[in-house]
Chemist: 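Mind having a look at this structure? Questions to follow.
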There are 2 protein chains.
Amino acid sequence: MSADPIQAPAPPDPAESGIQVLDRVVGLLGLLGEASEGGAQLSRLAAGLGLSASTAHRLLAALEHHGWVERVEGGRRYRLGTALIGLAGQAAEGTGLRRLCRPALTRLTGESGETTFLIVRSGLNAVVVDRQEGAYVIESLTHGVGGLIPLGVGAGSAAILASQPPAEIEEVLAANGVRYPQFGTSGVQVRRRVQQIQQDGYLLSEDSLISGLAVLSVAIRPAGHNVTAAIAMNFIASRHDQAARHAFLGLARQEAARIEAALALPGSLPRPSSIGVP
Amino acid sequence: MSADPIQAPAPPDPAESGIQVLDRVVGLLGLLGEASEGGAQLSRLAAGLGLSASTAHRLLAALEHHGWVERVEGGRRYRLGTALIGLAGQAAEGTGLRRLCRPALTRLTGESGETTFLIVRSGLNAVVVDRQEGAYVIESLTHGVGGLIPLGVGAGSAAILASQPPAEIEEVLAANGVRYPQFGTSGVQVRRRVQQIQQDGYLLSEDSLISGLAVLSVAIRPAGHNVTAAIAMNFIASRHDQAARHAFLGLARQEAARIEAALALPGSLPRPSSIGVP
DNA sequence: GTAGTTTTTCCGTATTATGGAATTGTCGCG
DNA sequence: CGCGACAATTCCATAATACGGAAAAACTAC
C-alpha cells in the first residue's frame, strides 16, 4: 500500500504550534477579540473552535485566573482582560522603538497639528504601536494603539509591506488577498501602491479610503536591524495646500532618517526610568 | 501518622490556574516583560521558572509560532512579540471605555496643554489604557499605553484604589505592601492618600514623586457597572498657579461626570467603525 | 584547535488535559 | 408561578499530551 489507510500523514495546519493548549488559548483570545462589546458566550466560543463546553470552560477559567479574560458585568459573558494591555505595553516597549520614536511623533504632531502613527509589522498585519493625537480628532480614525490592519491596507501598512523583500511581498499579497475587499481595496490596488512607494521612498496620497482625508507615510529601514516600521500621518486634505503637505512629508522623512541613524548606533535605545507615575 | 508523609496536601499556589501550560506561558511572558532591551535568553527563562531547557524551548517555539514572542535580531534571545500589541488593542477597546473616554482626554489636553491619562484597574495593578500627550513632553513620564503601576502608587492608581470597597482596599494594601518601597512610597503613605481621596472625591497634589510635577486625578465610578477607572493629569507645577490647577480639576471632574452619565445609559458605548486606516 | 556553554532534537513515560455524562443554574414561555 | 429548554459548571476515568533526561548540534571563548 502506498498510502497509510489509518494514519493520515499529519496534515500540518499552519495555525498549530505543537502545543494544543496554547493553540486553543490563542484561538479563544482571537475569537474574544473579534467579539465586540457585550462579550462572547462560552457556547459560541466552544463551537467556534470545535471544543467541548467543558474544555472551553476550563481554559476560560484559567485565563480569567490570570486576568487575560474578564467576565462582563452581568457574569455570563467573556471579554479580553486588562492584563493583556499590560503585557502589550511591555511588548511595545520591548524593542525600545516606541521610546525612540515618541519624540519624533510629538514633533510631527506639534508642527502639523495632525495625528501621527508609529506602525510596526506583526505577521500578516501591521499594528499601531504609538499614536499622537492631532488638534482635531478625526472621528472615523478609530485605530488606536494596538489597532490591527492587514499588511498593505492603509498608508503606513503599505509602506511597511513595500520595504519587505520581493518574495515576502508576494507571500503577503497571496495570503491577504481575500481580506482586502473587506477593507475597500484589492490585491491589484495594493500592488500598484507598493510599487509606487518602492519607487518614491514614501507615500503621499490625497485619495485615501475616506474622501477628504490625505495620508502620508515613510518607512523606517535601519541598516543592521530588520525592524520594519513606518511613520504615518493622516490629515484633513482641505486644511492644507499641496505645499504644506510636501513640507510635512519632508519633516517626516527627516524624522525617519534621524531614527534610522539612531538605530545604527549600538546602545542607542534609551533606557526606561521607573518613576513618574500617573 | 497524622500527616501524609509523601503526598503534601496540594499547597494551592495562587499563581496556578489548573492548566500548567498556561501558567508556564504566563510565567515566561512575565519574565520576558521584565527582561529589558536585549531580550532574555532561554537558559535564564528556564531557570527563572524551574523548567527544563527542553520544555522552555518547546514553549517558546510555540509562542514564537503565534507571534507572541520574537527573537531579537541576532537570533538567540527572546522578547515579547508584536502580536500581543494587537491583542491588547482589542482588549483595550473591548470595554468600549477607551472610545468613550478619548474625547474627554482630548478636550482636557486641549484646554490645559498637559498630558492626560486614562487608567484602569488590572488585578493588583493599574494600567494605562490611553494617554494624550501634552504640548511639553515630560521626560520622566515613561508610562505609555500599557504601563503598569502597583495599585495605590501614583495619582490615578490611588484614585482607583480609593473607590474600591474597604475590604478590597485592605487586601490590596497587604499584597502590594512590599512593592511600594520600590516606587518610593510606603503602605502608610498610600493609606493616607487613599483616605484623602475618599474624603475629597479627587486628588490634587503638588508634591508628587517628582519634584516640580503636580498631579491630579478623578475616579470614574459609574452607577451600575463596576468599571473602576480614573482620569489623571500630570503637569509641571511652575507652569500654572493654584487657580489654574483648580480650574483643570473642575474640568476633569466635569468630564468624569459626563462619562459616568454616558455609562449609565444602556447602549451608550459607541460602535467602532472599521475604516480610516493609517 | 579544543573545552565549555547554550540551544535544539529525540523519544519513552507518566502526568496532564480531555470530553462525555451528570448537576446546577438561568432564562423564556405557557 | 412552575415547567421546559438551554447554557454553564463540576466530576471523573481515559488516553492523548506535554514532560524532561539524554544526546546531538551550534555557538563562544580560550
Side-chain angles (χ1 to χ4, degrees), chain A residues 4 6-13 15-29 31-32 35 38-66 68-79 81 266, chain B residues 4 6-13 15-29 31-32 35 38-66 68-79 81 266:
Chain A
D4 187 330
I6 288 182
Q7 278 288 63
D13 186 331
E16 295 191 357
S17 66
I19 288 176
Q20 314 154 312
V21 184
L22 227 201
D23 298 337
R24 289 170 170 186
V25 163
V26 171
L28 281 175
L29 294 179
L31 285 181
L32 282 168
Q41 57 183 343
L42 176 58
S43 53
R44 312 290 173 189
L45 294 171
L49 296 173
L51 300 178
S52 68
S54 47
T55 299
H57 180 260
R58 196 154 19 79
L59 291 175
L60 286 168
L63 287 169
E64 189 182 3
H65 180 88
H66 287 292
W68 287 21
V69 155
E70 293 171 351
R71 320 196 64 142
V72 76
E73 285 65 41
R76 131 158 42 293
R77 302 173 89 92
Y78 295 90
R79 140 197 346 144
Chain B
D4 187 327
I6 288 184
Q7 278 290 63
D13 185 332
E16 294 191 358
S17 66
I19 288 175
Q20 300 131 328
V21 183
L22 228 201
D23 298 337
R24 289 166 170 190
V25 162
V26 171
L28 280 175
L29 294 179
L31 285 182
L32 282 168
Q41 57 183 342
L42 177 57
S43 53
R44 314 287 173 191
L45 294 172
L49 296 174
L51 300 178
S52 69
S54 47
T55 299
H57 181 260
R58 197 157 15 82
L59 291 175
L60 285 168
L63 287 169
E64 189 183 3
H65 180 88
H66 287 292
W68 287 21
V69 155
E70 293 171 351
R71 319 196 64 146
V72 77
E73 285 67 41
R76 128 160 39 294
R77 299 174 90 94
Y78 295 90
R79 91 158 76 101

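In what follows, every chain begins at residue 1, and chains take the letters A, B, ... in the order their sequences are listed.
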Chemist: Send over the distance from A/Leu59 CG to D/dT17 P, rounded to a whole Å.
Modeler: 14 Å

Chemist: Given side-chain hydrogen bond (donor to acceptor under 3.5 Å, both in side chains), test A/Asp23 with B/His65 step by step and report yes or no.
Modeler: CA-CA 10 Å; A/Asp23 298 337; B/His65 180 88; 5.9 Å; no

Chemist: Identify the two heavy atoms, one from A/Leu22 and one from B/His66, that lie closest to each other, and give their separation to 0.1 Å.
Modeler: CD1-CD2, 4.3 Å

Chemist: CG of A/Asp23 versus C1' of D/dA16: gap in Å, rounded?
Modeler: 15 Å

Chemist: Just the rounded figure in Å: distance from P of C/dA17 to CG of A/Leu28.
Modeler: 15 Å

Chemist: So what does A/Leu51 touch, heavy atoms closer than 4.0 Å: a base, only the sugar-phosphate, or nothing?
Modeler: nothing

Chemist: Taking the nucleotide of DNA chain D with the closest heavy atom to each, which residue, A/Ile19 or A/Arg44, is nearer the 5' end?
Modeler: A/Arg44

Chemist: Atom NE2 of B/His57 to atom P of D/dC19: distance rounded to whole Å?
Modeler: 14 Å

Chemist: In whole angstroms, how far is the P atom of C/dC27 from the CD atom of A/Gln41?
Modeler: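 For the pair A/Gln41 CD and C/dC27 P, the rounded distance is 12 Å.
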
Chemist: Indicate, with a heavy-atom threshold strictly under 4.0 Å, whether B/Thr55 touches base, sugar-phosphate, or nothing.
Modeler: base

Chemist: Give the rounded distance in Å between these two atoms: CG of A/Leu42 and C1' of D/dA7.
Modeler: 8 Å

Chemist: What nucleotide, of C/dG19, D/dA8, C/dT6, holds the atom closest to the side chain of A/Ser54?
Modeler: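 Looking only at heavy atoms from C-beta outward on A/Ser54, the closest nucleotide is C/dG19.
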
Chemist: Measure the spacing between CG of A/Leu32 and CZ of A/Arg79 and express it to the nearest 0.5 Å.
Modeler: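 One gets 10.5 Å once the value is rounded to the nearest 0.5 Å.
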
Chemist: Could you check how far CZ of A/Arg71 sits from P of D/dA7, rounded to whole Å?
Modeler: 16 Å

Chemist: Would you say C/dA17 has OP1 or OP2 under 4.0 Å from some side-chain N or O of B/Gln20?
Modeler: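 The answer is yes; a side-chain N or O of B/Gln20 sits under 4.0 Å from OP1 or OP2.
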
Chemist: As an exercise, state the distance from CZ of A/Arg71 to CD of A/Glu64, rounded to the nearest 0.5 Å.
Modeler: 5.0 Å

Chemist: Does C/dG19 have OP1 or OP2 sitting under 4.0 Å from an N or O in the side chain of A/Arg58?
Modeler: no

Chemist: I need the CG-P distance between B/Leu22 and D/dC19, as an integer number of Å.
Modeler: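 Rounded to whole Å, this separation is 11 Å.
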
Chemist: So which heavy atom on A/Leu49 is nearest to which on A/Arg24, and how close?
Modeler: CD1-O, 3.9 Å

Chemist: Looking only at side-chain atoms of A/Arg24, point me to the closest of C/dT8, C/dT18, D/dC19.
Modeler: C/dT18

Chemist: Just compare C/dT18, C/dT7, C/dT16 and give me whichever is closest to any side-chain atom of B/Arg76.
Modeler: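 Among C/dT18, C/dT7, C/dT16, the one nearest the side chain of B/Arg76 is C/dT7.
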
